[in-house]
Amino acid sequence: MSRVTAGVVINERARVVGPVGPALLLDRDGVINVNHGYVHSPDQTDWVPGIFEFCRTAVTAGYRPIVVTNQAGIARGLYDEAQFARYSRWVHDEFAVRGVEILATYYCPHHPDAGLGTYLIQCNCRKPAPGMLLAAAHDLGVDLARSIMIGDKVSDMRAGEAAGVGTLLLLDPAGEQPVGPPRTRVCASLDEAARALTGLVTGLPG
């Protein structure tokens, strides 16, 4: 497995002073936006119901939002990294006007089978590998053991497990995902995930 660097789009407005501490590590497609397939522009974007409320709950509880997303569309040549960065900044802005500052978006632009040119690589950042999460910990001082990973695929959970993330939330409205790592909590909606998050903070069942 080649050691390559995950890409990152930093939200310059949400300046980080000192270690971030616990973070909310968010997969993107299927968690933030509806997964229509290789979404990379505002006109393709439909928000997953409840995402802004969920993130505001996390921020109130002390978790700083960071996106960690596989972007095979870059690897396949469907859009480039500059286009992805512009779109990510737009997403950051959309969250900001709703009271949530995403600190950064980490992305993997590689694919081991379908990538073109230098993107055709078995990397250490494409989930289920933990590279993006480890990069966030290194760059921003994320305390992974006290953090939450939320995704809609078992590969997200496996990445979180491999990185040592303390809480793993699998968003699975249809109940179709295979069994994830033992610590995975399956949530049918972001409302249920918010209750689970609140339970972590209060010590009461979510």
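Nothing here was measured: the structure is a model prediction, and the numbers come from that model.
Here CZ of Arg56 is found 10.5 Å from CD1 of Ile51. Values are rounded to the nearest 0.5 Å. Atoms CG and CG, from Asn124 and Leu134 in turn, are 8.0 Å apart once rounded to the nearest 0.5 Å. With values rounded to the nearest 0.5 angstrom, Ile102 atom CD1 is found 9.0 Å from Ser88 atom OG. Remark: Thr184 OG1 to Leu168 CG distance equals 5.0 Å, nearest 0.5 Å. A distance of 5.0 Å separates OH in Tyr63 from CG in Leu200, rounded to the nearest 0.5 Å. Between the CD atom of Glu53 and the CZ atom of Arg98 there is a distance of 9.5 Å, given to the nearest 0.5 Å.
Side-chain atoms of Arg28 come within 3.5 Å of backbone atoms of Val39 as a donor-acceptor pair (strictly under, hydrogens ignored). Remark: side-chain polar atoms of Gln83 are not paired, donor with acceptor, to backbone N or O of Tyr79 under 3.5 angstrom. Thr167 contributes no side-chain N or O that, together with a main-chain N or O of Ile148, makes up a donor-acceptor pair within less than 3.5 Å.
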- Could you walk me through whether Val9 and Tyr106 pass the side chain to side chain contact (heavy atoms under 4.5 Å, CB included) test, one step at a time? CA-CA 6 Å; Val9 181; Tyr106 283 84; over 6 Å; no
- Task: Determine, step by step, whether Leu169 and Glu192 satisfy the side chain to side chain contact (heavy atoms under 4.5 Å, CB included) criterion, reporting the C-alpha distance in whole Å, the side-chain angles of both residues, the deciding distance to 0.1 Å, and the verdict.
- Result: CA-CA 10 Å; Leu169 301 179; Glu192 184 178 339; over 6 Å; no
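Nearest heavy-atom pair across Leu25 and Ser147 is CD1-CB, 4.2 Å. Between Val100 and Pro65, the shortest heavy-atom contact is CG1-CG, 3.9 Å. Ile74 and Pro109 make their closest contact through CG2-CB, 3.7 Å (heavy atoms, listed as atom of the first residue, atom of the second, distance). Here the shortest heavy-atom pairing between Thr69 and Lys127 reads CA-NZ, 4.0 Å. Across all non-hydrogen atoms, the minimal contact from Ala104 to Ile10 is CB-CD1, 3.8 Å. For Leu103 against Val16, the heavy-atom pair with the smallest separation is CD1-CG2, 4.0 Å.
When the side-chain contact (heavy atoms from CB on, under 4.5 Å) test is applied to Leu78, the partners found at least two apart in sequence or on another chain are Tyr38, Arg76. By the side-chain contact (heavy atoms from CB on, under 4.5 Å) test, Arg126 pairs with Asn70, Ala72, Cys108, His111, Pro112, Cys123, sequence neighbours left out.
Taking 4.5 Å as the limit, every side-chain heavy atom of Val48 sits out of range of all side-chain heavy atoms of Ile32. Side chains of Ile66 and Leu24 form no contact here, defined as non-hydrogen atoms less than 4.5 Å apart. Residues Phe54 and Leu26 are in side-chain contact: their nearest non-hydrogen atoms beyond the backbone lie under 4.5 Å apart. Residues Asp156 and Leu170 form no side-chain contact, since every pair of their non-hydrogen atoms from C-beta on lies 4.5 Å or further apart. No side-chain heavy atom of Trp90 sits under 4.5 Å from any side-chain heavy atom of Phe95. Looking at heavy atoms from C-beta onward, Met157 lies out of side-chain contact with Arg183 at the 4.5 angstrom threshold. Between Thr105 and His92 the shortest side-chain heavy-atom distance falls below 4.5 Å. Glu161 has its side chain within reach of Pro182: a pair of non-hydrogen atoms, C-beta onward, lies under 4.5 Å apart.
For Tyr87 and His40, the gap between ring centers reaches or exceeds 6.0 Å.
His110 and Tyr119 have tilted rings, their planes meeting at an angle from 30° to 60° on a 0 to 90° scale. The aromatic rings of Tyr107 and Phe84 sit tilted relative to each other, their planes meeting at an angle between 30° and 60°.
Asp172 has no carboxylate O lying under 4.0 Å from a charged side-chain N of Lys153, or vice versa, which leaves the two without a salt bridge. With salt bridges taken as basic N to acidic carboxylate O contacts below 4.0 Å, one links Glu101 and Arg13.
In this structure, a donor-acceptor pair under 3.5 Å is present between the side chains of Ser41 and Gln44.
With His36 as reference, Asp46 is the one residue of Asp46, Asp29, Thr45 to meet the side chain to side chain donor-acceptor pair (under 3.5 Å) rule.
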